[in-house]
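Fair warning: this is a prediction, and the values are worked out from it, not measured in the lab. Sequence positions, counted from 1, serve as the residue numbers for this chain.
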Amino acid sequence: MVETENQQTETRGITVKRIVNPIAAVAFATTSTFAIAQTPPNVLVVGQIAEPQSLDPHAVTAVNDFRILVNLYDGLVRYADGTLEVEPSLAESWDISDDGTVYKFQLRDDVEFHDGTPFDAEAVVFNFERMLDEDHPYYDTGPFPLAFYFSQIDTVEATAEHEVTFTLNEPFAPFLSNLAYPTGLLISPQAVREHGENIGRHPVGTGAYQFEEWESNSRVVLTRNNDYWDGAPDLEAVVFRPITDANTRVAEMRSGGIDMMVEVPPDNVSMFKEDPMFQVYEQAGPHVWFVILNMRNELLQDKRVRQALNYAVDKEALVNDVLQGTATVADSPIAPAFNWAYNDELDGYPYNPDRARELLEEAGAVGEELTFYVTEGGSGMLDPINMGTAIQANLESVGLDISIETYEWNTFLGRVNAGLEGEADMAEMAWMTNDPDTLPFLALRSDAMPDEGGFNSGYYSNADVDKLLEQARTSTSQEERARLYKEAQAIIVEDAPWIFVANWQQNAVATDRVENFHLQPSFLLQLRDVRKP
């Protein structure tokens, strides 16, 4: 616990007591409604887009949650600052067999989890077997929706106290990158044993910050880990406040209730840029915003209808008017940020409402009703309600009847991730990924249907795409992988299982008190080096 210190601050002639204890300070900031609010020095208060689902890194899928978790936990490897390249973390080094199936990691021998238990090879084995072995005694503390990331692991063994060996059932090109993704973060085995299925409320990692408090719908508080193996952070604490309404987040930012907010509403970016009290951060990254189409709906099984929906949506207007130029038009399930794998020769679906009407008439679909799931907010969802209503208007203008159902983010995820069959015909979605393999493999492959643990919520299936994706992830040649991904993209775009909409340029805004912060192409918030005098 951080010691409490009282200070006096003069603001607009009113004396305000400023409390440095992070929990008490945020209680003050949470209830403040006037511009006299000021967060305490050396405590960073971050406005998040939603309440986290869990603080168990193996149990969540949303970047909103990952932004907290990467500050609580470490993995064997991590993304190097400012890149998606992998560098050592809890593993100091590693060797890979010539056939690409055996990875041997040498672990740091001076690291403890926040609960004082040792980090060693047995802890690594526990983490991965918990996710992957149905017979593991703590497998029932899941489910673990992104265990797909590690499906190629055949065995994981502690081959010495500080040496762990993974044997894969086939070469797997994204393996190191997936270890760096938040699903590869490592949790204390003792904490899992102690808290069982409630571990998501009692997180214990090895990260730069340690868990202090989670008050539902109010805040998650992390405090400095003075013994962090990579050097203790400057900040005493980081506080994540869930503020689901975008206008409220903006108001809190302007009034001093928070120091930083992610995913700035497009309408407010220029306002913050023009105010010297704030710093706006922007960076392109691997993001795709799309609309899932339910291919178990008989109408949407007709490719002409799916293509018509793509032609009907004015994507240029969406990115320029609704998103205020903070995104570009998407035309593929692989983002242009993966420039080596992105197929830049695709024609995509330019706005052509006349062609959309022709296709709908050919398919006998004019006047058909479709239910469209829209979320109130969420990781990478940008301006989802306005995006949804604009898409609704576009589709209705070509002769369809679109009914929108709106849900808060975590409820929305529960409905969409379970699959759209019998529920909805369309659903908004956005993914931010670490490798060009991730999104198509987890959301467009025949073996990734929701009832098999995947995210293919629209039930797209194409045997040629399946084959190409399988080949790409087992190839050790980037040139060969690129060829296979580009071929798969051409088929997927022709099949139109989604409406491809936007690639976002991520952003954040912070007050001028925040120092040494920058965005990461992974979309994660790395806060160890941040200062706030």
Side-chain angles (χ1 to χ4, degrees), residues 48-69 131-132 139-151 178 181-183 197 200 242 244 287-297 300 333 370-382 384-385 387-388 404-435 437-461 469 492 497-501 523:
Q48 287 270 83
I49 58 176
E51 175 87 343
Q53 287 185 308
S54 170
L55 297 180
D56 176 352
H58 307 149
V60 296
T61 63
V63 171
N64 181 67
D65 300 5
F66 291 158
R67 288 172 175 141
I68 302 174
L69 299 180
M131 277 193 286
L132 300 171
Y139 183 80
D140 63 357
T141 58
F144 308 115
L146 294 184
F148 261 107
Y149 276 62
F150 305 113
S151 58
N178 284 0
Y181 201 67
T183 309
E197 63 183 14
T244 57
H287 169 277
V288 183
W289 199 106
F290 54 99
V291 176
I292 304 167
L293 303 178
N294 179 1
M295 294 182 65
R296 290 188 178 168
N297 173 322
L300 294 174
L370 296 174
T371 299
F372 183 17
Y373 277 0
V374 169
T375 178
E376 295 174 355
S379 304
M381 294 306 303
L382 311 182
I385 292 178
M387 294 277 280
I404 285 180
E405 293 184 16
T406 304
Y407 299 95
E408 79 64 46
W409 177 234
N410 288 326
T411 302
F412 177 85
L413 283 180
R415 285 179 170 269
V416 175
N417 289 347
L420 298 182
E421 185 177 17
E423 299 294 332
D425 306 302
M426 307 160 50
E428 297 178 334
M429 188 51 66
W431 276 61
M432 296 168 275
T433 62
N434 61 311
D435 189 273
D437 169 83
T438 305
L439 178 53
F441 192 83
L442 292 182
L444 287 169
R445 190 170 48 92
S446 299
D447 289 339
M449 301 297 177
D451 60 359
E452 298 181 60
F455 296 89
N456 190 348
S457 300
Y459 315 100
Y460 172 67
S461 180
L469 294 177
I492 293 167
W498 300 340
I499 303 174
F500 304 100
V501 178
F523 292 90

> Classify the angle between the aromatic ring planes of Trp431 and Phe455 as parallel (below 30°), tilted (30 to 60°) or perpendicular (above 60°).
perpendicular
> Listed by chain and number, what are the salt bridge (Lys or Arg N to Asp or Glu O under 4.0 Å) partners of Glu421, not counting sequence neighbours?
Arg296
> With sequence neighbours left out, what residues match Phe372 under ring pair (Phe, Tyr, Trp, His ring centres under 6.0 Å)?
none
> Determine the minimum heavy-atom distance between Pro333 and Trp498, stating which atoms define it.
CB-CZ3, 3.7 Å
> Give, for atom OG1 of Thr375 and atom CG of Leu413, the distance between the pair rounded to the nearest 0.5 Å.
7.0 Å
> Do side-chain atoms of Ser446 reach the backbone of Ser461 as a donor and acceptor pair under 3.5 angstrom?
no
> For Asp65, give me all partners under side chain to side chain donor-acceptor pair (under 3.5 Å), at least two apart in sequence or on another chain.
none
> Going by salt bridge (Lys or Arg N to Asp or Glu O under 4.0 Å), name the residues that satisfy it together with Asp437, two or more places apart in sequence or in a different chain.
Arg473
> Evaluate the ring-ring contact (aromatic ring centres under 6.0 Å, His included) criterion for residues Phe66 and Tyr181: first the C-alpha distance (whole Å), next the side-chain angles of each, then the deciding distance (0.1 Å), finally the verdict.
CA-CA 9 Å; Phe66 291 158; Tyr181 201 67; 5.3 Å; yes
> Check Ala59 against Ser54 and note the closest heavy-atom contact, atom names and distance.
CB-OG, 4.4 Å
> Taking only residues two or more places apart in sequence, or in another chain, which ones meet Glu197 in a side chain to side chain donor-acceptor pair (under 3.5 Å)?
none
> Go through the structure and list residues passing side chain to side chain donor-acceptor pair (under 3.5 Å) with Glu428, not counting sequence neighbours.
none
